[in-house]
> 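Right, I'll just put the structure down here and ask away after.
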Amino acid sequence: MAEQESSPEEGSASSSVFLSLGPQCCMSTFSFNVTMSSAVVDQAADLVIELSSTPKTKLDEPAFGNVFTDHMLTIEWSASDGWQAPLIKPFGNLSLHPACSSLHYGIQLFEGLKAFRGDDNQLRLFRPMLNMNRMSNSAKRACLPAFDQSELLECIRRLVEIDQDWVPHSESASLYIRPTFLGTERSLGVKKPANALLYVILCRVGSYFNSETKGLSLWADPKYTRAWKGGTGNYKMGGNYGCSLLAQYEAEDHGCQQVLWLYGEDHQITEAGTMNIFLHWITEDGEEELATPPLDGIILPGVTRQSILELTRKWGEFKVTERYLTMSQLCSALKQLRVKEVFGSGTACMICPIGHIVYQGEVRERSRLMLTSRIAKELIDIQVGRNTHKHTQTHTHTHTHTHTQMFLHLSVTAG
Ligand code: COI
């Protein structure tokens, strides 16, 4: 039977099981949904841990994605034996067969989420079940095997706990968590891989762009297309990013930092670089609106995107809409001074103002930062555990559908 794509709200058909964690764990308890299906075996309880004997020096805020922590998580799968015991081991190179399917056919996907250290010294993962759910949807699209989302999250939590000293003591930096899933079958046949490797690495990160306060510059040209209907743009697969590189360098030739990805004859605005995009403006009908393109198959369902929509809808101060936006609408709004702000969102950058757009040879500018700064502040407050009464829930009891909560965090007590 073909499996349906799930949204985090649907959750898994599961019985909710209260797990208490082993002696390695600093945090006392929290609840998990455990899918009762033998097809998806990935048991955090079987986790094997080999600690590194040579911890590395921790640089303060290295460039994004360059410096990795001391440990990594690996979990192997084969069609014949299913999931093997998860292993946390010293960070190191992978050994892959030269014919493995991820190298030849891009049978691969990844995720990105972050752990933050709060003022209370607790570590929090921001809405991690949304990432687990998106990863599971990407796995279906890539013909990689199903996994138990809650069990994987527990393995990740253990990994973060082991490398907890790497989580920066700063609200402008965090620990970036990169789950990755590869087809590893040693065969050149174009088919579902019979072997796969799921691994997770961590790196300490500061800000993604070094121009955030000034605002990012975007090159908008229909010459390149990031995603198309029926493609993979709404899944987090490496190929979506690799294919964007040439355009990214062409944007630089036009004096811009990133590409504003357009789609279709009417030049629909879709994404900005590796981010979702938002427009805060006054519509032609005179209404204040925050708008972002809808999840119609070519837009990545970003966790930050969803959080911004939920947060601003909760404010109830202006209309918040998911709808198609075109360059001609944006250009006339800019001309009529109806555009308040334009910004991008993503896990790596969180929220990033867009300063100007180069389109059809003209520079279109807009660089106010009021809404961007307000959203950034509220999100940071949530991520570091301020305002917990408003937006977060720490789970100490059996609970189904925990991931439907607004700004759920999992707490890991820092040692
Ligand atoms: C993220 O924002 O997490 C991304 O995936 C961007 C990444 C390609 C650096």
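It should be emphasised that the depicted structure is a prediction, and the values quoted were computed from it without experimental measurement. Computation of the quantities below employed the complete heavy-atom set of this structure, encompassing side-chain atoms and omitting hydrogens, waters and symmetry-equivalent molecules. Start at 1 and go down the list; that is how both ligands and their atoms are numbered.
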> Can you sort out which atoms of ligand 1 are near K236, meaning under 4.0 Å from one of its heavy atoms?
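Selected atoms, number and element: 4 (C), 5 (O).
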
> Going from CG on N93 to CE on M72, what distance comes out if it is rounded to the nearest 0.5 angstrom?
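Between atom CG of N93 and atom CE of M72 there are 8.5 Å.
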
> Could you tell me whether some N/O pair between Y176 and ligand 1 is separated by less than 3.5 angstrom?
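In this structure, Y176 places an N or O atom under 3.5 Å from an N or O of ligand 1.
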
> What about T274: any of its N or O atoms under 3.5 Å from an N or O on ligand 1?
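No: no nitrogen or oxygen of T274 is under 3.5 Å from one in ligand 1.
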
> If the condition is side-chain contact (heavy atoms from CB on, under 4.5 Å), which residues does T326 pass it with, not counting sequence neighbours?
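For T326, the residues satisfying side-chain contact (heavy atoms from CB on, under 4.5 Å) (neighbours in sequence not counted) are D266, Q268, S328, Q329.
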
> I'd like to check which ligand 1 atoms, numbered from 1 as shown, lie under 4.0 Å from a non-hydrogen atom of Y241.
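Here the atoms of ligand 1 in question are 8 (C).
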
> Should you measure from each heavy atom of A348, which atoms of ligand 1 turn up under 4.0 Å away?
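Counting from 1, the qualifying ligand atoms are 1 (C), 2 (O), 3 (O).
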
> What pairs with Y199 under side chain to side chain donor-acceptor pair (under 3.5 Å), at least two apart in sequence or on another chain?
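Listed in chain order: nothing, the list is empty.
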
> Mark the output for M275 as yes if a heavy-atom distance to ligand 1 is under 4.0 Å, and as no if none is.
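So M275 does not count as touching ligand 1.
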
> Rounded to the nearest 0.5 Å, what separates atom CG in L113 from atom CZ in R178?
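The distance works out to 10.0 Å.
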
> Under 6.0 Å between the ring centres of F318 and H280?
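Judged by ring-centre distance (under 6.0 Å), F318 and H280 do meet the cut-off.
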
